[in-house]
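I have placed the structure first, in the form of structure tokens, so that the comments after it can refer back to it.
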Amino acid sequence: MQSIFYERARDVNHAIDLAREPGTKFIGGGTNLLDLYKSGIEKPLRLVDVSRLALAGIEELPDGGLRIGAMATNTAVGTDPLVRQRYRVLSEALLNGATTQLRNMATVGGNLLQRTRCYYFTDPAFARCNKRDPGSGCDAIDGHNRIHAILGASEQCIATHPSDMAVALAALDAIVHLQGPDGERQVPAADFHRLPEDHPEVDTVIRPGELITAVELSPMPFARHSHYLKVRDRASYAFALVSVAAVVDLDGGSVRDLRIVLGGVAHKPWRALDAESILRGQAPGAELLARAGAAAVAGAHGYRDNAFKVELAQRAVVRALQTVIRKSGGQV
Ligand code: SF4
């Protein structure tokens with residue numbers, strides 16, 4: 001077995017200094033990285049432990065938003081009173097993910113950086129996976145692809161991103177804060193993950209040596225009226241076949257503003273902009289919701305085992321919107 005250099009970082013600058021060496025990975029909760037290391041998929045030469053950095057706080061910002069440290073656990077964020085009250089969709093997404101034990105270890109930063117659960121990626125016994133071994137091919141396209149993408153896939157990869165939290169963050173217009181060798185920068189959560197295109201081995205826009213330090217939520221008063229609907233094969237400890245993060249601002253009987261983001265259907269959280277346009281400024285009746293559901297899956301393509309996800313996603317969008325609208329006192 002290959003030995004690994006391990007060091008615990010004292011602070012963010014120390015972590016970034018240590019990560020200048022090639023082959024370095026940051027480790028927080030380790031819930032995904034260690035699994036992938038044990039199966040030989042991740043092969044870090046150096047691990048820099050960032051789990052004890054002072055990045056676990058959840059602070060209210062002067063403008064009413066929230067800053068969530070990257071080392072905050074999924075449990076801490078999902079059960080935080082302000083998150084539950086103001087950003088319900090985020091709390092629901094987190095508490096629907098994994099198991100209690102995993103949520104107690106998994107961090108916000110690690111959640112964003114987790115890898116796909118495509119069977120052919122996670123099991124090195126399969127030879128062809130462009131994400132694991134670029135240029136080798138993709139066994140999923142003609143293989144077992146029940147959990148795979150129906151939107152935004154490429155000829156190189158049809159994997160989905162497994163994070164529930166990332167779907168909710170995209171619906172909340174969250175901002176990811178990064179710090180690396182070239183300083184600090186911010187990336188909208190909706191743009192943090194990328195589509196596979198010709199480089200499925202690259203999951204996100206993070207640069208070498210960069211560390212996620214926080215996620216910021218701007219004030220979005222209507223996010224009190226939000227919902228995360230997760231459809232999966234069993235009631236717990238399962239990834240989404242399809243999920244929907246819905247946030248709706250009702251003004252009287254009309255939709256003033258909204259966000260619809262789908263999970264489990266693409267290599268990144270999939271924002272349904274056309275569906276949002278259909279509803280914005282309108283009174284959301286059954287016919288309009290059905291049109292929005294159809295628009296959310298426009299251009300979807302099913303494979304051998306997952307064509308059912310196209311209609312499932314369409315129906316999930318309608319149900320998620322109905323739930324939020326009814327909870328907001330509206331009628332559908
Ligand atoms: Fe690999 Fe992507 Fe194909 Fe899965 S879908 S086998 S992750 S290339």
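As the structure is a prediction and not an experimental result, all values here were calculated from the model. Counting starts at 1 for both ligands and their atoms, following the listed order.
Distance check for C138 against atom 3 (Fe) of ligand 1: an N/O/S atom falls below 2.8 Å. The distance from atom 2 (Fe) of ligand 1 to the nearest N/O/S atom of H148 is not under 2.8 Å. Not one N, O or S atom of C129 sits under 2.8 Å from atom 4 (Fe) of ligand 1.
Within the listing of ligand 1, atoms 7 (S) sit less than 4.0 angstrom from a heavy atom of F121. Applying the 4.0 Å criterion to heavy atoms of Y120 picks out, from ligand 1, the atoms 6 (S). Ligand-side atoms of ligand 1 in range of C157: 2 (Fe), 5 (S), 8 (S), range being under 4.0 angstrom from any heavy atom. In the vicinity of Q156, heavy-atom distances shorter than 4.0 Å reach the ligand 1 atoms 8 (S).
Between the side chains of D164 and Y228, a donor-acceptor pair is found at a separation under 3.5 Å. A donor atom on one side chain and an acceptor atom on the other are not found under 3.5 Å apart for N104 and T73. A side-chain donor-acceptor contact under 3.5 Å links R46 and T24. A donor-acceptor contact closer than 3.5 angstrom is absent between the side chains of E184 and H177.
For the pair D203 and R194, the salt-bridge criterion is not met [side-chain N within less than 4.0 Å of a carboxylate O]. Residues D182 and R207 are not paired through a salt bridge, judged by the lack of any N-O separation under 4.0 Å between the basic side chain and the carboxylate.
Heavy-atom contacts from other residues, nucleotides or ligands closer than 6.0 Å to CZ of R304 number more than 12.
Counting protein heavy atoms only, atom 4 (Fe) of ligand 1 is closest to C118 SG, 2.3 Å. Scanning the protein for heavy atoms near atom 5 (S) of ligand 1, the closest one is I158 N, 3.3 Å.
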